[in-house]
Protein chains: 2
Amino acid sequence: MALQSESETLLTPSEVASMFRVDPKTVTRWAKAGKLSSIRTLGGHRRYRESEVRRLLDGLPSPRVQTS
Amino acid sequence: MALQSESETLLTPSEVASMFRVDPKTVTRWAKAGKLSSIRTLGGHRRYRESEVRRLLDGLPSPRVQTS
DNA sequence: ATTAAATAGGGTAATTCGGGCG
DNA sequence: GATGTCCGAATTACCCTATTTA
């Protein structure tokens with residue numbers, strides 16, 4: 001089976017930033033640090049996988065308060 | 001002589017744009033800049049090779065026969 | 001042949017990149 | 001160590017109309 005890199009919905013830096021309530025620059029730093037995988041346009045701009053972002057948003061390691 | 005027995009799937013500008021999450025015009029700019037090879041219809045519209053687009057999407061380097 | 005959608009052009013805002021600073 | 005901001009340069013997005021495609 002081939003990789004289905006096409007069917008994956010991609011998000012722009014500003015979109016991810018809005019979802020996390022952070023500056024787009026911060027998202028860029030996460031990508032640099034390898035905390036978030038990114039796809040590059042031919043011009044060098046980053047795109048992020050929606051599924052990964054959503055996974056991080058939903059299933060984030062809770063602040064050790066309650067996980068249910 | 002290499003026979004093109006394998007049908008090379010061609011993609012429209014909007015299809016490529018969707019894959020990269022960019023505007024179709026941006027794909028056109030990539031073609032103009034030589035970052036992406038394009039095939040022209042008789043009316044002047046551009047078509048792109050799926051194999052090349054996939055290669056670029058996966059972040060693989062230039063079309064190299066040998067990947068050291 | 002006619003309609004509707006997509007693309008090619010060109011021009012101008014808006015994002016993003018990268019580095020460095022606080 | 002992590003985030004936000006300022007800067008300049010580069011890339012991308014949106015506006016229009018005419019032509020091509022389906």
Side-chain angles (χ1 to χ4, degrees):
Chain A
M1 291 291 272
L3 299 175
Q4 39 185 346
S5 36
E6 175 201 341
S7 54
E8 178 66 62
T9 302
L10 300 179
L11 299 174
T12 64
S14 60
E15 288 172 338
V16 178
S18 301
M19 296 169 72
F20 277 100
R21 290 286 227 157
V22 295
D23 194 90
K25 193 86 169 187
T26 300
V27 179
T28 298
R29 290 195 178 105
W30 292 344
K32 276 188 180 179
K35 299 178 179 178
L36 182 61
S37 64
S38 63
I39 293 179
R40 295 281 201 143
T41 68
L42 299 193
H45 286 200
R46 295 182 181 85
R47 296 285 115 101
Y48 305 94
R49 304 177 196 276
E50 183 186 34
S51 59
E52 184 177 6
V53 172
R54 202 165 287 285
R55 177 171 55 81
L56 293 172
L57 275 174
D58 297 341
L60 260 179
S62 311
R64 297 295 70 174
V65 179
Q66 191 168 12
T67 325
S68 84
Chain B
M1 296 310 174
L3 295 176
Q4 319 296 348
S5 49
E6 286 294 328
S7 51
E8 173 69 61
T9 304
L10 297 181
L11 302 175
T12 64
S14 61
E15 287 173 337
V16 179
S18 300
M19 295 168 71
F20 279 96
R21 185 54 166 90
V22 294
D23 194 89
K25 288 301 192 56
T26 299
V27 180
T28 297
R29 261 186 248 103
W30 293 344
K32 278 188 180 178
K35 298 178 179 177
L36 179 62
S37 64
S38 62
I39 296 176
R40 294 281 202 149
T41 67
L42 300 188
H45 288 197
R46 296 183 180 84
R47 296 286 115 96
Y48 306 93
R49 302 179 187 280
E50 183 185 32
S51 59
E52 184 178 8
V53 173
R54 284 201 175 289
R55 204 162 54 226
L56 294 171
L57 256 183
D58 293 336
L60 298 179
S62 316
R64 267 285 142 88
V65 181
Q66 192 174 6
T67 312
S68 47

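Lettering follows sequence order; numbering is per chain, from 1.
Atom CZ in B:Arg40 sits about 11 Å away from atom C1' in C:dG9, given to the nearest Å. Remark: C1' of D:dA13 and CG of A:Leu42 are 16 Å apart, rounded to the nearest angstrom. The CZ atom of B:Arg46 sits 13 Å away from the P atom of D:dT21 (whole-angstrom rounding). Computed from coordinates, the B:Glu15 CD to C:dA6 P distance equals 11 Å when rounded to whole Å. Per the geometry, CG belonging to A:Leu36 stands 12 Å off P belonging to D:dT3, to the nearest Å. As a whole-Å value, the separation of B:Leu10 CG from D:dT21 P is 14 Å. Across the protein-nucleic acid pair, B:Asp23 atom CG and C:dG11 atom P stand 18 Å apart, rounded to whole Å. Computed from coordinates, the A:Leu11 CG to D:dT12 P distance equals 17 Å when rounded to whole Å.
Here D:dT21 is the nucleotide among C:dT15, D:dA13, D:dT21 with the atom lying nearest to any side-chain atom of B:Arg47. Nearest to the side-chain atoms of A:His45 among the listed nucleotides D:dG4, C:dA8, C:dT15 stands C:dT15. Among D:dA2, D:dA13, C:dT16, the nucleotide with an atom closest to any side-chain atom of A:Lys35 is D:dA2.
Base pairing annotation: C:dT2 forms no Watson-Crick or G-U wobble pair, as no partner gives both donor-acceptor distances under 3.5 Å. Applying the Watson-Crick and G-U wobble criteria (two distances, each under 3.5 Å), C:dG22 pairs with nothing in any strand. In this structure, C:dA14 forms a base pair with D:dT11, meeting either the Watson-Crick or the G-U wobble geometry with both donor-acceptor distances under 3.5 Å.
As judged by a 4.0 angstrom heavy-atom cut-off over every strand, A:Arg29 is placed among the base-contacting residues.
Donor-acceptor pairing under 3.5 Å, judged by distance alone, is absent between the side chain of B:Lys25 and the base of C:dG11.
In this structure, A:Pro24 and A:Lys32 both approach DNA chain C, and ranking their closest nucleotides by distance from the 5' end singles out A:Pro24.
Between A:Trp30 and D:dT3 there is a side-chain N or O to OP1 or OP2 distance below 4.0 Å. Distances shown here put every side-chain N or O of A:Thr26 at or beyond 4.0 Å from the OP1 or OP2 atom of D:dA2. An OP1 or OP2 oxygen of D:dT12 is reached within less than 4.0 angstrom by no side-chain nitrogen or oxygen of A:Thr12. Between C:dG9 and B:Thr28, no contact under 4.0 Å exists linking OP1 or OP2 to a side-chain N or O.
Once rounded to the nearest 0.5 Å, the distance linking OG of A:Ser37 with CZ of A:Arg49 reads 5.0 Å. To the nearest 0.5 Å, the span separating OG1 on A:Thr12 from OH on A:Tyr48 amounts to 9.5 Å. To the nearest 0.5 Å, the span separating CZ on B:Arg47 from OG1 on B:Thr9 amounts to 13.5 Å. Between the CG atom of B:Leu10 and the CD1 atom of B:Ile39 there is a distance of 4.5 Å, given to the nearest 0.5 Å.
The residues A:Glu15 and B:Arg21 are annotated as salt-bridged, a charged nitrogen and a carboxylate oxygen being separated by less than 4.0 angstrom.
Around the CZ atom of A:Arg40, the shell of radius 6.0 Å holds more than 12 heavy atoms that belong to other residues, nucleotides or ligands.
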